[in-house]
> 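Dropping a structure here in structure tokens format, bear with me for questions.
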Amino acid sequence: VMPPPRPLQAPEGVRSFFTPPEVVGRELPLEEAIKIGLKNAPRIMAAAGDYAAAQQRVFEAMSPLLPQLTGQWGGNRSQVVSTTTGVLNPGVQGRVPTTVTSTQVTTTTGTVTASQLLFDFGKTWAATDAARATAESFRQNVELQKQTIVVNVKTSYFTLLLARRLVGVNAAALDRAPGPAR
């Protein structure tokens, strides 16, 4: 009689795979194993993120066809200070008072420019088509990752079933074996 299987421990320094509590201690059907494999595959999440980014790059490639609006603002402030000192006048008692004159000038300029691309010999359309093709490639990569996970889960599942049967066959062969080797 074989002892019940124990879960394998991950080697030190390697993160162990999270096992959902509802599947601990029971044999999973193939469909459920595939669902768990697809749900916990980081490669699928990464590929889906790449696909979402590629879809946005299609809009980015198309943006030159839309009206473009730019704005600019600038400012300048200058100050001029002039001082007039009094002089002695022999006919008048005392000095003429000193005067300080300060002048500030603030200048601002603003520009708003609107432009619309009329024709660029198909360059923008070609860039948009290339971005669409790239996005489609990333979408297919998501599907490829899903199919790879399904194949890997099925292969592991059937390899485990084969290994269990081989253990049973070897145990039966050991029971039939003659001799005191036991």
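Just so we're clear, the structure is a prediction, and the values are computed from it rather than from any experiment.
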> For V142, which fellow cluster members are found when Ile, Leu, Val, Met, Phe, Trp and Tyr are connected by side-chain heavy-atom distances below 4.5 angstrom, either directly or through intermediates?
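V142 shares its hydrophobic cluster with Y51, F138.
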> Do the non-hydrogen side-chain atoms of F158 and L30 ever get within less than 4.5 Å of each other?
yes
> Ignoring hydrogens and angles, tell me if any N or O in the side chain of S137 forms a donor-acceptor pair with the backbone of A133 under 3.5 Å.
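No.
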> Among all residues two or more places apart in sequence or in another chain, which pass the side chain to side chain donor-acceptor pair (under 3.5 Å) test with R165?
none
> Could you tell me whether Q104 atom CD has more than 12 heavy atoms of other residues or ligands within 6.0 Å of it?
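Counting neighbours around CD of Q104, more than 12 heavy atoms of other residues, nucleotides or ligands fall under 6.0 Å, so yes.
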> Hey, what else clusters with L162 if you join Ile, Leu, Val, Met, Phe, Trp, Tyr whenever side-chain heavy atoms sit under 4.5 Å?
L166
> Taking side chain to side chain donor-acceptor pair (under 3.5 Å) as the definition, give me every residue that meets it alongside Q56, ordered by chain and number, with sequence neighbours left out.
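For Q56, no residue satisfies side chain to side chain donor-acceptor pair (under 3.5 Å) once neighbours in sequence are set aside.
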> Start with the C-alpha gap between V150 and T148, add the side-chain angles, then the distance that decides, and say whether side chain to side chain contact (heavy atoms under 4.5 Å, CB included) holds.
CA-CA 5 Å; V150 169; T148 301; over 6 Å; no
> Could you tell me which residues satisfy side chain to side chain donor-acceptor pair (under 3.5 Å) with T106, sequence neighbours excluded, listed by chain and number?
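Side chain to side chain donor-acceptor pair (under 3.5 Å) list for T106, sorted by chain: R77.
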> Take T108 and W73 through the side chain to side chain contact (heavy atoms under 4.5 Å, CB included) test and state the conclusion after the steps.
CA-CA 7 Å; T108 58; W73 180 83; 3.7 Å; yes
> If you measure from CG on N152 to OG1 on T159, what distance do you get to the nearest 0.5 Å?
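Taking CG in N152 and OG1 in T159, the distance rounds to 10.5 Å.
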> Please list, chain by chain and in numerical order, all residues satisfying side chain to side chain donor-acceptor pair (under 3.5 Å) with Q79, sequence neighbours excluded.
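Testing Q79 for side chain to side chain donor-acceptor pair (under 3.5 Å), a comparison that skips the adjacent residues, returns S102.
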> Strictly by salt bridge (Lys or Arg N to Asp or Glu O under 4.0 Å), give each pair with a member in residues 144-162 just once, sequence neighbours left out.
E143-K146
> Just how far is it from atom CG of N170 to atom CG of D175, taken to the nearest 0.5 Å?
11.0 Å
> Hey, could you give me each pair passing salt bridge (Lys or Arg N to Asp or Glu O under 4.0 Å) that has a residue in residues 46-74? Not counting sequence neighbours.
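Every candidate salt bridge (Lys or Arg N to Asp or Glu O under 4.0 Å) pair involving residues 46-74 fails, so no pair, neighbours aside, qualifies.
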> Can you tell me how far apart CD (E31) and CD1 (I36) are? Round to the nearest 0.5 Å.
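Rounded to the nearest 0.5 Å, the CD-CD1 separation comes to 12.0 Å.
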> If you take all heavy atoms of A131 and A61, which pair is closest and at what distance?
CB-CB, 4.1 Å
> Could you give all pairs that pass the salt bridge (Lys or Arg N to Asp or Glu O under 4.0 Å) test and reach residues 124-137, with sequence neighbours left out?
D129-R132, E136-R139
> Using a 4.5 Å cut-off between side-chain heavy atoms of Ile, Leu, Val, Met, Phe, Trp and Tyr, which other residues end up in the same hydrophobic cluster as V58?
none
> Determine the minimum heavy-atom distance between P42 and N40, stating which atoms define it.
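Where P42 meets N40 most closely, the heavy atoms are CD-O, 3.1 Å.
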> Quick check: is I34 connected to L161 through a chain of hydrophobic side chains (ILVMFWY, heavy atoms under 4.5 Å apart)?
yes
> Quick check for you: to the nearest 0.5 Å, what is the distance between Q68 atom CD and L66 atom CG?
7.0 Å
> Holding to side chain to side chain contact (heavy atoms under 4.5 Å, CB included), I want the full list of residues that pass it with S82, two or more places apart in sequence or in another chain.
T101
> Rounded to the nearest 0.5 Å, what's the gap from NZ on K39 to CD on E32? Could you check?
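One gets 10.5 Å once the value is rounded to the nearest 0.5 Å.
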> Just distance, no hydrogens or angles: give the donor-acceptor pairs under 3.5 Å from side chains in residues 110-123, sequence neighbours left out.
residue : atom : partner : partner atom : Å
Q116    : NE2  : L65     : O            : 2.8
D120    : OD1  : G122    : N            : 3.3
D120    : OD1  : K123    : N            : 3.4
D120    : OD2  : T124    : N            : 2.9
D120    : OD2  : T124    : OG1          : 2.3

